[in-house]
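All residue numbers refer to positions in the sequence shown, counting from 1. Not measured: the values here are computed from a predicted model. Heavy atoms only: backbone and side chains are in, while hydrogens, waters and symmetry mates are out.
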Amino acid sequence: MSYFRPNIDELAAYVPGEQPAPGTRVIKLNTNENPYPPSPAALKVLHDLDADALRRYPDPMATAVCRAAGAVCGLEADWVLAGNGSDDLLTMIMRACADDNRSVAYPMPTYVLYRTLAQIQDARCIEVDFDDDYNLPVEALAAAQAAVTLVAMPNSPSGTVWPLEMLDDLAGRLTGMLVIDEAYADFAESNALSLVASRPNVIVLRTLSKGYSLAGLRLGFGLANPDLLAGLVKVKDSYNVDAVACRVAAAALADQDHKNANARKVIASRQRLVGALTELGFAVWPSQSNFLLARPPGGQAQALYQALKARGILVRYFKQARLDDKLRITVGTDDENDALTAAIRELLP
Ligand SMILES: *Cc1c(COP(=O)(O)O)cnc(C)c1O
C-alpha cells in the first residue's frame with residue numbers, strides 16, 4: 001500500500017548539486033552560478049522595497065518582468081511568460097503537454113530534470129543518445145514525434161551549441177512542442193530566439209540564474225507566441241513569481257551592461273581555463289557556456305572529484321553512463337580557476 005501514484009513511488013528524486021552551508025569556505029564550481037555579484041541597480045531595488053509590496057499579493061503575470069524581458073529580446077510583453085526559475089516553465093510545459101499517452105523526447109546526456117518532470121507526469125521518455133561530439137540527433141528526435149521535445153542550448157553538461165538551421169529543421173518536422181532551453185545563452189555566440197516568431201511550436205526558455213547572477217532569486221521566463229503561452233498560463237501556480245523577484249528581476253533585466261560585462265569576464269576566464277586544463281592533459285569539449293565538460297587524463301574523474309572536495313573545491317561529478325569519466329567544472333574567477341588547476345596539478349599522478 002502506498003499513498004502515492006505508482007510512478008511517484010518509482011521516481012528517483014532529482015538531486016541538485018551540493019549547496020554548502022552558508023559561511024562554509026569552499027571554491028564552488030559545481031552548479032554553474034555566476035562568480036560576480038548581481039546588478040547594483042537590482043540590489044538597490046531590493047533594499048528600497050516597501051512594506052506594501054509584501055503585504056499585497058503580487059502581480060499574477062509579473063508584467064514588469066515580461067515588459068523588461070520583452071524589451072531585451074525584441075518581443076512584445078505578451079510573448080513572455082515569467083516563472084519561479086526556468087524550472088517552473090519546464091514544470092508548466094510538462095503539466096500542460098505530457099501524460100501517459102503523450103511522450104517526452106530529448107537528447108542524452110542533458111539536464112536531468114527533464115526526465116524527472118516527465119516521470120512525474122507518467123509520460124514515456126524517449127532518450128536519444130548524442131554521439132561523442134554532441135551533434136544534435138535531429139533525425140531521431142523528429143522520428144520520435146513526442147508531444148514535448150527538449151533541447152538545451154548550450155547543452156548541459158557539454159556546453160555545446162548547434163546551427164540555427166538544425167533547430168529550425170527540427171521544429172518544422174515536429175507536430176508537438178519544441179522547447180529550447182537557453183539557460184546559458186548569455187555566454188553563447190548564438191541563440192535560437194528568432195525561431196519564436198517563425199515557428200508556432202517553439203518556446204525558448206531563459207533564466208536570470210546564470211548570466212544575471214541571480215540563482216537565489218528564482219526567475220526565469222519563456223518566449224513564445226501568445227497562443228502557446230495561453231495554454232501554459234492555465235496550469236501555472238496563481239502567484240508563481242513573488243513580489244520581490246518581480247521587482248528585482250525587472251531591474252536586473254534593464255541593466256544589460258552589467259550582465260554583458262560579467263559574461264565577457266566569464267568567457268575570457270573560460271578560454272584561460274580551457275588552456276590550463278588542456279595543458280594538464282584533459283580532453284575539453286568546446287563550450288559556449290559558463291562551464292566545461294572535461295575528461296581528466298586516465299578518466300579517474302570520481303577520485304579527482306573526491307580529492308578536490310577534500311581540499312574545499314567543489315566540481316560536479318555525474319555517476320551516469322558516458323559522464324562517469326568526466327567532470328563538469330563551472331568557470332569561476334581567474335583566482336578560483338587558478339586554485340583549481342593548481343590543486344589538480346598536485347593531485348594528478
Ligand atoms: C540552470 C539550468 C536551468 C534552471 O534554471 P533556473 O532558472 O534556476 O530554474 C534550466 N536548464 C538548464 C539546462 C540549466 O542548466
Side-chain angles (χ1 to χ4, degrees), residues 19-29 31-89 182-188 191 193 205-223 236-269 290 330-336:
Q19 293 293 350
T24 318
R25 281 177 56 92
V26 293
I27 295 182
K28 197 170 172 308
L29 304 175
T31 55
N32 299 343
E33 287 134 338
N34 197 307
Y36 302 108
S39 154
L43 292 176
K44 180 164 185 346
V45 168
L46 180 64
H47 289 133
D48 295 350
L49 204 74
D50 63 290
D52 249 17
L54 297 180
R55 184 179 63 78
R56 290 188 173 180
Y57 279 104
D59 174 357
M61 293 305 291
T63 313
V65 171
C66 297
R67 283 212 193 95
V72 171
C73 298
L75 292 165
E76 295 294 325
D78 61 343
W79 287 63
V80 186
L81 177 59
N84 182 33
S86 51
D87 290 352
D88 188 28
L89 271 302
E182 296 193 336
Y184 302 100
D186 300 306
F187 309 102
N191 61 65
L193 186 58
L205 305 186
R206 296 277 176 93
T207 178
L208 273 61
S209 294
K210 283 48 183 254
Y212 295 80
S213 314
L214 286 168
L217 189 70
R218 309 307 303 135
L219 198 292
F221 54 92
L223 302 153
K236 82 176 187 70
D237 294 347
S238 311
Y239 302 108
N240 62 324
V241 175
D242 68 72
V244 180
C246 184
R247 287 164 175 76
V248 175
L253 283 160
D255 193 355
Q256 287 295 300
D257 288 349
H258 180 85
K259 184 262 289 178
N260 291 335
N262 285 344
R264 279 193 296 272
K265 284 195 272 186
V266 169
I267 291 166
S269 300
N290 67 336
T330 305
V331 177
T333 61
D334 282 339
D335 283 352
E336 291 174 322

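The line from CG of L43 to CG of L214 is 7.5 Å long, rounded to the nearest 0.5 Å. To the nearest 0.5 Å, atom CG of residue D88 and atom CG of residue D237 are 6.5 Å apart. Between the CG atom of L217 and the CG atom of D242 there is a distance of 7.0 Å, given to the nearest 0.5 Å. Note: L219 CG to N84 CG = 8.5 Å, rounded to the nearest 0.5 Å. We find the SG-CG distance between C73 and L193 to be 5.0 Å, quoted to the nearest 0.5 Å. Considering CG of L81 and CZ of F221, their distance stands at 11.0 Å, rounded to 0.5 Å.
Here K236 pairs with N240 under the side-chain hydrogen bond (donor to acceptor under 3.5 Å, both in side chains) rule; sequence neighbours left out. Qualifying side chain to side chain contact (heavy atoms under 4.5 Å, CB included) partners for T333, counting only residues two or more places apart in sequence or in other chains: P35, Y36, D335, E336. For A77, the side chain to side chain contact (heavy atoms under 4.5 Å, CB included) partners two or more places apart in sequence, or in a different chain, are C66, R67. Applying the side chain to side chain contact (heavy atoms under 4.5 Å, CB included) criterion to A68, with sequence neighbours excluded, gives A250, L253.
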Between D59 and V241, is a side chain to side chain contact (heavy atoms under 4.5 Å, CB included) present by the stated rule, with each step listed?
CA-CA 8 Å; D59 174 357; V241 175; over 6 Å; no

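Contact of the S209 side chain with the R218 side chain is registered, since non-hydrogen atoms from C-beta on lie closer than 4.5 Å. Side-chain contact between D186 and K210 is absent, with no heavy-atom pair separated by less than 4.5 Å. Between N191 and R206, the closest side-chain pair of non-hydrogen atoms falls below 4.5 Å.
Applying the side chain to side chain donor-acceptor pair (under 3.5 Å) definition to pairs two or more places apart or across chains, those involving residues 243-255 are S39-D255. Among residues at least two apart or in separate chains, there is no ring-ring contact (aromatic ring centres under 6.0 Å, His included) pair with a member in residues 241-269.
Checked by atom type, the side-chain pair K28/T31 shows a donor-acceptor distance below 3.5 Å.
Closest approach of A251 and V45 over heavy atoms only: CB-CG2, 3.7 Å. Closest non-hydrogen pair, N262 versus P37, comes out as ND2-O, 3.5 Å. Of all heavy-atom pairs spanning P58 and A243, the tightest one is CB-N, 3.7 Å. Taking each heavy atom of A245 and V65 in turn, the nearest pair found is O-CG2, 4.5 Å. Counting all heavy atoms, side chain and backbone alike, V26 lies closest to P20 at CG2-CG, 3.5 Å.
With N34 contributing its side chain and Y212 its backbone, the two residues share no donor-acceptor pair below 3.5 Å.
Shown here is Q19, whose CD atom has more than 12 heavy atoms of other residues, nucleotides or ligands within 6.0 Å.
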